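For reference, the structure discussed in these notes is given below.
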Amino acid sequence: MDEHLVLERDFDAPPQALWRAFTDPRSLAGWFGPEGWSVAEESVRVEARPGGEWHLEMASDDDPAQRSPVTARLGEVEEPRLLVGHTEATEESGGRAMVLRVAFAELDGGRTRLTLTQGPYAAELLPMAGEGWTSSFAKLDRRLAAG
């Protein structure tokens, strides 16, 4: 049975800072990917507009030859509130085309609630995807705290 990953996390930064973290190549390369994976800035392409591309390539820190590209065609783009991307079916996604929706809601005190929805996943892949995003968000937290 197919399922969607839904993660909600509050960040100590305004929506515009989170928007930049997802759309600015240098910022995105600085945090994206789970612990043990990195993104080279030169691999990042972001056209934050409907029909634009959102692309990067993760590489394993232990074995840089082990790579995982991520490419999405952006559908909905509402700065600084919403990014929706559609990916092609790949081996990493279990042969499924997927949708990634990232919403940024302003909270009191200059904070932001990020709600990520991604899928559909085969049920057995859902825990790994959740762990990957949770690890990535810990890296994003550290990057935002560092300024």
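Keep in mind that this is a model prediction, so the values were computed, not measured. Position 1 is the first residue of the sequence; numbering continues from there.
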One should read off an interatomic distance between W37 CH2 and S60 OG, to the nearest 0.5 angstrom, of 5.0 Å
Working to the nearest 0.5 Å, report the span between OG1 of T71 and CH2 of W54. 9.5 Å
Begin from the C-alpha positions of R45 and E47 and carry the test side-chain contact (heavy atoms from CB on, under 4.5 Å) through to its verdict. CA-CA 7 Å; R45 290 187 307 278; E47 300 168 69; 5.8 Å; no
Compare every heavy atom of A59 with every heavy atom of P64, then report the nearest pair and how far apart it is. O-CB, 4.0 Å
Same apolar cluster: V99 and V70, side chain cutoff 4.5 Å: no
Quick check for you: to the nearest 0.5 Å, what is the distance between L5 atom CG and M98 atom CE? 8.0 Å
Does any pair with a residue in residues 136-147 pass salt bridge (Lys or Arg N to Asp or Glu O under 4.0 Å), and if so which ones, sequence neighbours excluded? R9-D141, E35-R142
Side-chain donor-acceptor contact under 3.5 Å, W133 with Q118: yes
Correct closest heavy-atom pair for Q16 and P80 would be OE1-CB, 3.4 Å
R49 atom CZ, neighbour heavy-atom count above 12 within 6.0 Å: yes
Calculate, to the nearest 0.5 Å, the distance between atoms CZ and CG belonging to R113 and D10 respectively. 4.0 Å
Between A40 and A29, the two heavy atoms sitting closest are C-CB, 4.3 Å
Close side-chain approach of V84 to L74, heavy-atom, < 4.5 Å: no
Do you reckon L107 sits in the same ILVMFWY cluster as L7, going by side-chain contacts under 4.5 Å, direct or chained? no
If hydrophobic clusters are built by linking Ile, Leu, Val, Met, Phe, Trp and Tyr wherever their side-chain heavy atoms come under 4.5 Å apart, do V6 and L116 end up in the same one? no
Using every non-hydrogen atom in the two residues, find where F104 and L114 come nearest and quote the distance to one decimal. CE2-CD1, 3.7 Å
Are L82 and L28 grouped together when hydrophobic residues (ILVMFWY) are joined by side-chain heavy atoms under 4.5 angstrom apart? no
Going by the rule side chain to side chain contact (heavy atoms under 4.5 Å, CB included), which residues pair with D61 if we only count those two or more places apart in sequence or in a different chain? S38
Measure the CD-CG distance between E42 and L56 for me, rounded to the nearest 0.5 Å. 12.0 Å
Reference residue T23; test side-chain contact (heavy atoms from CB on, under 4.5 Å); the match among L83, L18, V44: L83
Side-chain (S136) to main-chain (G132) donor-acceptor, under 3.5 angstrom: yes
Those residues that, when tested against W31, pass ring pair (Phe, Tyr, Trp, His ring centres under 6.0 Å) (two or more places apart): F22
Looking only at heavy atoms, which two atoms of V77 and P50 are closest? And how far apart? CG2-N, 3.8 Å
Does the side chain of T117 come under 3.5 Å of the side chain of H4 through a donor N or O and an acceptor N or O? no
Can you see which heavy atom on A97 is nearest to which on P120, and at what distance? O-CD, 3.6 Å
Stepwise side-chain contact (heavy atoms from CB on, under 4.5 Å) check, E53 with R73: CA-CA 5 Å; E53 183 180 61; R73 181 67 50 204; 3.7 Å; yes
Give a yes or no answer on whether the side chain of S43 reaches the backbone of E57 with a donor-acceptor pair at less than 3.5 Å. yes
Find the distance between OG1 (T112) and CZ (R81) and round it off to the nearest 0.5 Å. 13.0 Å
